[in-house]
Amino acid sequence: MEEGKPMIKILSNLLDLYGRVSKGKAGDPFDVNGLSPLVWAYIGDGVFEVFIRTLLVTEGKQKLADIHQTAVKYVNSSAQSALIRTIEPFLHDDEREIVKKGRNTKSNIPRNADMCDYRYSTGLEALIGYLYLTGKSTRLSEIFGMIADKLKNIENNVR
């Protein structure tokens, strides 16, 4: 997957930056497991959006309006719900557990979002955030590769 190589470099740079800022006051590793799944999802939302924007830019889209319009199609609860349902069979058991924790965590659902889609999208974001915060860049890259492959397939099936 040639087009994934710039993405892996960008992801690696993000993880390097995280590694420099993630030490506690005493230099101890940060306890990711002590965080709420909603915190994982909060971080995962940002990482996912950077991934999507970067993917669109590296695909050669030139006009900012086109990039933004396409990004909006992918960075919403309906699209993310479809993505996690598509890649879930390829996740490891511990990753499915993280998705489940994110999905089942109580949160405020926006009025314009379908509750089921919103919960599943929170599960995807929690997984991405957890992998990012734990520095599992290889696995995160694999998952982003799966997502990139599935984006075109889900585009016509989202609201």
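Not measured: the values here are computed from a predicted model. Just so you know, residue 1 is the first one in the sequence shown, and it goes up from there.
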Check whether any side-chain heavy atom of [X] sits under 4.5 Å from a side-chain heavy atom of [Y], and report yes or no.
{"X": "V32", "Y": "W40", "value": "yes"}
{"X": "E95", "Y": "I143", "value": "yes"}
{"X": "L56", "Y": "Y74", "value": "yes"}
{"X": "R103", "Y": "T122", "value": "no"}
{"X": "V47", "Y": "L131", "value": "no"}
{"X": "I147", "Y": "L55", "value": "no"}
{"X": "Q80", "Y": "F48", "value": "yes"}
{"X": "N33", "Y": "Y130", "value": "yes"}

Worked check of side chain to side chain contact (heavy atoms under 4.5 Å, CB included) between L91 and L127: CA-CA 10 Å; L91 298 179; L127 175 63; 3.9 Å; yes

Criterion side chain to side chain donor-acceptor pair (under 3.5 Å) on S81 and D117, from CA distance to verdict: CA-CA 5 Å; S81 174; D117 283 348; 3.2 Å; yes

Closer than 3.5 angstrom, by distance alone: can the side chain of [X] be matched with the main-chain N or O of [Y] as a donor-acceptor pair?
{"X": "E49", "Y": "G46", "result": "no"}
{"X": "T70", "Y": "I67", "result": "no"}
{"X": "N76", "Y": "K73", "result": "yes"}
{"X": "R96", "Y": "E88", "result": "yes"}
{"X": "R119", "Y": "T105", "result": "yes"}

Qualifying residue for side chain to side chain contact (heavy atoms under 4.5 Å, CB included) with L124, from D45, V99, I84, I98: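 Among D45, V99, I84, I98, the one meeting side chain to side chain contact (heavy atoms under 4.5 Å, CB included) with L124 is I84.
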
When clusters are formed by joining ILVMFWY residues with side-chain heavy atoms under 4.5 Å apart, either directly or through shared neighbours, do [X] and [Y] land in the same one?
{"X": "L64", "Y": "I52", "result": "no"}
{"X": "F144", "Y": "V57", "result": "yes"}
{"X": "L38", "Y": "Y118", "result": "no"}

Non-hydrogen atoms of A126 and P37 that approach each other most closely: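 A126 and P37 have their closest heavy atoms at CB-O, 3.8 Å.
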
Interatomic spacing from CE in M115 to OG in S77 - rounded to 0.5 Å: 12.0 Å

NZ/NE/NH1/NH2 to OD/OE distance under 4.0 Å, E97 and K101: no

Set of side-chain hydrogen bond (donor to acceptor under 3.5 Å, both in side chains) partners for E142, sequence neighbours left out: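 Partners of E142 under the side-chain hydrogen bond (donor to acceptor under 3.5 Å, both in side chains) test: R139.
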
Atom CZ of R85: over 12 foreign heavy atoms under 6.0 Å: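 Counting neighbours around CZ of R85, more than 12 heavy atoms of other residues, nucleotides or ligands fall under 6.0 Å, so yes.
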
